[in-house]
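First comes the structure, then the notes that go with it.
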There are 2 protein chains.
Amino acid sequence: MSDGKTILNEWADAGECELPGENATDQALSSTLMKGLEILALFNDQEDRFANSEIARRLGLNRATVSRLCKTLMHMGYLRRDTKGNFRLAPRILGLSYPVLAATRWRHQLVGPMREIAEMSTGNVTLAVMSGDQFVQVQTIGDPISFPHIPEPGITGPLHRSASGRALLSLLEGQELYDKLAELRLRFPEEFATHAEDTAASIARCRDAGFCSSYGDWRPNIVALSTPLGETEDGLRVALSCGLPRFRAREDVVENDLGPRLAEAAKSIRMMGIFKPPYFLN
Amino acid sequence: MSDGKTILNEWADAGECELPGENATDQALSSTLMKGLEILALFNDQEDRFANSEIARRLGLNRATVSRLCKTLMHMGYLRRDTKGNFRLAPRILGLSYPVLAATRWRHQLVGPMREIAEMSTGNVTLAVMSGDQFVQVQTIGDPISFPHIPEPGITGPLHRSASGRALLSLLEGQELYDKLAELRLRFPEEFATHAEDTAASIARCRDAGFCSSYGDWRPNIVALSTPLGETEDGLRVALSCGLPRFRAREDVVENDLGPRLAEAAKSIRMMGIFKPPYFLN
DNA sequence: GACAAGTGTTACGATATTTGAAACAACAAG
DNA sequence: CTTGTTGTTTCAAATATCGTAACACTTGTC
């Protein structure tokens, strides 16, 4: 409780943060590179193809500019054209990810425990790491059929509006937490305010009970549980989460059975010595 | 046999291809975007961190330029700094890949058959697609421990110097094959010549016997078998491959037992109707 | 068939972005 | 305290990028 209040105070302080210089076109950043990356980031699981003009419209760019950038991206092998002339991501883009996957070998050791949790909860189980103002799933266990989205490494979501994200936030302390919250507030002003209390409560819950829950905060029909695992030696913050379709998740079961069991599983995973434990666990 | 000769002839023709205009700085390509992407592509499973000056040295760029590009990449969330100040890929880069994974749902249907092959062969089994002048693994089954590299989606390799790549090449016919070979020859002039005969033989083998084999052509200590599956509706060419440590792979077993079995498995996978079958299977 | 509206690409000149040199601070090694 | 790194920033010069315009195509309508 008092933890929650403390956080909310830090929160309020985070109101006065660096507005100056941010909205002006940062002359130290390469705008061309940004545009190219923004094109790649446009694609998602719902929209896997784009016409040139559609890209131009969404990013507010000239058609000619998009044409040249896409040509470059194709030349580099990250974009392809399908039979109808639309742009698609080329499989080669997976090659950029591989070094990250290869660097996180500890994932493989957690597959066993994750499977157990998946069976116990009859849900999806995921491993997420913090990356900037998002979490990124790096390992998933689950049935691709029973869910609307396909559980795969690479799914990203908001830190402040999801169980995984909040468990990750609970791993931060002091200045670092302060900075991250300021960043989030800056990036999503309205959303941040809406979810501030829930986020604070979830962070406190992670510290006190070892897990937090979210009822559709991110994906409307998914109830999620998450527990902070800790930090790897190379500085990645990791959380373990579990997702259930809403209709199958009774609140009292989630809070009094599943949650504690997930926290328990996290505890035994921490015994493996992969992670530097959260600061609040002595 | 005659097929192999035909290919070799096409090969020879491929000698006279567009040298002009290629080496000059293509004014239609965005150089800044290319530099940024080259920075990201620098990382691999062996080298997962770089100092600013090291990047500058490898890409022949000014330190100041690299500083600005990396700042941009960090701003976009694809690069991070570790505690020692080195640049690393940020997990968020996985997010770029997810749309590709989500678009290839058929992968999941093949996990079962792939498991069977893995048990049968006691090796790694992978699903690879063609992307530009490389193959990219999109699904892997196997033991991360028994191999020097970690089997994961995102591993890329050469088309002309690997079993997977050659099986993929065997899916091309006519002009398309011609063009692809020309592209490969242009990009790897010396390597291409060295492996030309093996590549031609492997492509012929895929047509005749339904599989091809490679004894360390790509990874020195790995013997690989591969079979072409076909083409998906959205134009991705797919091959199914199997890798074994060399010491465990007796050549006669590979050629007379494992190979035919892999080809057989491919045949039954093709019955699932996911792929447009190779042109040479009427 | 002819027309109109839309798309994607290529020139080309103007302009704005990027570039490299130089200076700086930080740091490590001698 | 040097000396040699490294990473960042500034600034003017230069170059690469941008938008306009024109082109060839496609698509759909009448």
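Every chain is numbered from 1, with letters handed out A, B, ... down the list of sequences. Since we're looking at a predicted model, the values are computed, not measured. Scope of the values below: all heavy atoms of this structure, side chains included, with no hydrogens, waters or symmetry mates.
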For [X] and [N], give me the distance from atom [atom1] to atom [atom2], rounded to whole Å.
| X | N | atom1 | atom2 | value |
| --- | --- | --- | --- | --- |
| A/Lys71 | C/dA11 | NZ | P | 8 Å |
| B/Glu54 | D/dG7 | CD | P | 10 Å |
| A/Leu73 | C/dG8 | CG | P | 15 Å |
| B/Asn86 | D/dT6 | CG | P | 12 Å |
| B/Leu29 | D/dT17 | CG | P | 9 Å |
| B/Phe87 | D/dG7 | CZ | C1' | 8 Å |
| A/Asn52 | D/dT26 | CG | C1' | 14 Å |

From [X] [atom1] over to [Y] [atom2], what is the distance, rounded to the nearest 0.5 angstrom?
| X | Y | atom1 | atom2 | value |
| --- | --- | --- | --- | --- |
| B/Asn52 | B/Arg68 | CG | CZ | 10.5 Å |
| B/Leu29 | A/Thr72 | CG | OG1 | 4.0 Å |
| A/Glu176 | A/Leu169 | CD | CG | 11.0 Å |
| A/Leu33 | B/Tyr78 | CG | OH | 10.0 Å |

Less than 4.0 angstrom between a side-chain N/O of A/Ser53 and OP1 or OP2 of C/dG8, yes or no?
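For A/Ser53, the contact criterion (side-chain N or O under 4.0 Å from OP1 or OP2 of C/dG8) is met.
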Does a nitrogen or oxygen in the side chain of B/Ser67 sit under 4.0 Å from OP1 or OP2 of D/dT8?
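So the side-chain polar atoms of B/Ser67 do come within 4.0 Å of the phosphate oxygens OP1 or OP2 of D/dT8, strictly under.
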Protein-nucleotides 18-22 of chain D N/O pairs under 3.5 Å:
| from | atom 1 | to | atom 2 | distance (Å) |
| --- | --- | --- | --- | --- |
| D/dC18 | OP1 | A/Lys35 | NZ | 2.8 |
| D/dG19 | OP2 | A/Thr65 | OG1 | 2.8 |

Can A/Ser97 and B/Ser97 be counted as having a side-chain donor-acceptor contact under 3.5 angstrom?
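A donor-acceptor contact under 3.5 Å links the two side chains.
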Have a look at B/Arg57 and say if it touches a base, only the backbone sugar-phosphate, or nothing, with a 4.0 Å heavy-atom cut-off.
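Nothing, no nucleic acid heavy atom in range.
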Distance to the ring centre below 6.0 angstrom and angle to the axis at most 45 degrees; does that hold for A/Arg81 and A/Phe87?
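Yes, A/Arg81 lies over the aromatic ring of A/Phe87.
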Under 4.0 Å between a side-chain nitrogen and a carboxylate oxygen: does that hold for A/Glu190 and A/Arg185?
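Looking at A/Arg185 together with A/Glu190, the answer is no, because their closest N to O distance does not fall below 4.0 Å.
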Nearest-nucleotide comparison on DNA chain C, the residue closer to the 5′ end among A/Leu33 and A/Gly85:
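Between the two, 5'-proximity favours A/Gly85.
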